[in-house]
Amino acid sequence: GDSVTQMEGPVTLSEEAFLTINCTYTATGYPSLFWYVQYPGEGLQLLLKATKADDKGSNKGFEATYRKETTSFHLEKGSVQVSDSAVYFCALSYTGGFKTIFGAGTRLFVKA
Amino acid sequence: NAGVTQTPKFRILKIGQSMTLQCTQDMNHNYMYWYRQDPGMGLKLIYYSVGAGITDKGEVPNGYNVSRSTTEDFPLRLELAAPSQTSVYFCASSYVAGANSYEQYFGPGTRLTVT
């Protein structure tokens, strides 16, 4: 079946460091890929998405590229801030469908 | 728009008690979902609804029931609470139309402890 695997956390970085959170997926078809972010005490909210191979999603300085050949959708940011401290979830969903499969989440701590 | 709202924010139940978690969305989304999030884990789908009057089981439905009498509301019922139901519960909604599916919008969650 379909699945999403994320790197285990927590990830601890200093402010202005470069961030990469790895995400790989297994899919029977051609899904859309998402990154959601969960700030402390809140629900998940969409950070960015990509709907087909080679698409790049971007938002708030974060980027991720849909790589079909490596079945990956790694999240990157060039310079993290303390306010980026949160849990990040990689997810997939099929166009025309509705079920979203989430990874286990990766907690990010950013120190000042 | 308030988005997706959930009540209560926190609740402690004794084993065997029952309760209903409320969820309301004001975005006119046709699809609604209930997830649970256990510590250090991803989200598991409990139940979902594709429209008023239509519900179906997700990955972990045992011990829960739902109803969807209106587009806006999607309550989750726990009948006989068990310690294994201690979790954070999230309600979500999305708009699905034909070949297009869109992101899910989440409520702030209900933290439930069963002792």
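It should be emphasised that the depicted structure is a prediction, and the values quoted were computed from it without experimental measurement. Atoms considered below: every heavy atom in the structure, side chains included; atoms not considered: hydrogens, waters and symmetry mates.
The 12-atom threshold is not exceeded at CD of A:Glu8, counting heavy atoms of other residues, nucleotides or ligands nearer than 6.0 Å. Atom CD of A:Glu69 is surrounded by more than 12 heavy atoms from other residues, nucleotides or ligands within 6.0 Å. More than 12 heavy atoms of other shown residues, nucleotides or ligands fall within 6.0 angstrom of atom CD1 in B:Ile15.
In terms of heavy-atom pairs under 4.5 angstrom with chain A, the leader among B:Ala92, B:Gly58, B:Gly42 is B:Gly42.
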Item to complete: Could you give me the CA-CA distance, side-chain angles and deciding distance for B:Tyr35 and A:Leu44, then say whether side chain to side chain contact (heavy atoms under 4.5 Å, CB included) is met?
Response: CA-CA 11 Å; B:Tyr35 294 92; A:Leu44 281 70; over 6 Å; no

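Residues of residues 71-80 of chain B lying under 4.5 angstrom from chain A, judged on non-hydrogen atoms, do not exist. The contact list for residues 105-115 of chain B toward chain A, using heavy atoms and a distance under 4.5 Å, reads B:Phe106, B:Gly107, B:Pro108 by residue number. The contact list for residues 2-11 of chain B toward chain A, using heavy atoms and a distance under 4.5 Å, is empty. For residues 102-112 of chain A, the interface with chain B (any heavy-atom pair closer than 4.5 Å) comprises A:Phe102, A:Gly103, A:Ala104, sorted by residue number.
Residues B:Leu43 and B:Ile46 are members of separate hydrophobic clusters, defined by side-chain heavy-atom contacts under 4.5 angstrom among Ile, Leu, Val, Met, Phe, Trp and Tyr. Taking hydrophobic clusters as Ile, Leu, Val, Met, Phe, Trp and Tyr residues chained together by side-chain heavy-atom distances below 4.5 Å, A:Leu19 shares a cluster with A:Tyr39. Residues B:Tyr33 and B:Tyr89 do not share a hydrophobic cluster, defined by chaining ILVMFWY side chains whose heavy atoms lie under 4.5 Å apart. Under a hydrophobic-cluster definition in which Ile, Leu, Val, Met, Phe, Trp and Tyr are linked whenever side-chain heavy atoms come within less than 4.5 Å, directly or via other members, B:Val88 and B:Tyr48 are assigned to the same cluster. Cluster membership for A:Leu47 and A:Val11, using ILVMFWY side-chain heavy atoms within less than 4.5 angstrom, is shared.
For the atom pair CD1 (A:Ile101) and CD (B:Glu59), the distance works out to 8.5 Å, reported to the nearest 0.5 Å.
Within the 4.5 angstrom heavy-atom criterion, no atom of A:Gln6 approaches chain B.
Here the shortest heavy-atom pairing between A:Gln38 and B:Phe90 reads NE2-CZ, 3.1 Å.
In the model, B:Glu103 has no side-chain atom that pairs as donor or acceptor with a side-chain atom of A:Gln45 under 3.5 Å.
For the pair B:Leu45/A:Thr100, no side-chain contact is recorded, criterion being any heavy-atom separation below 4.5 Å from C-beta on.
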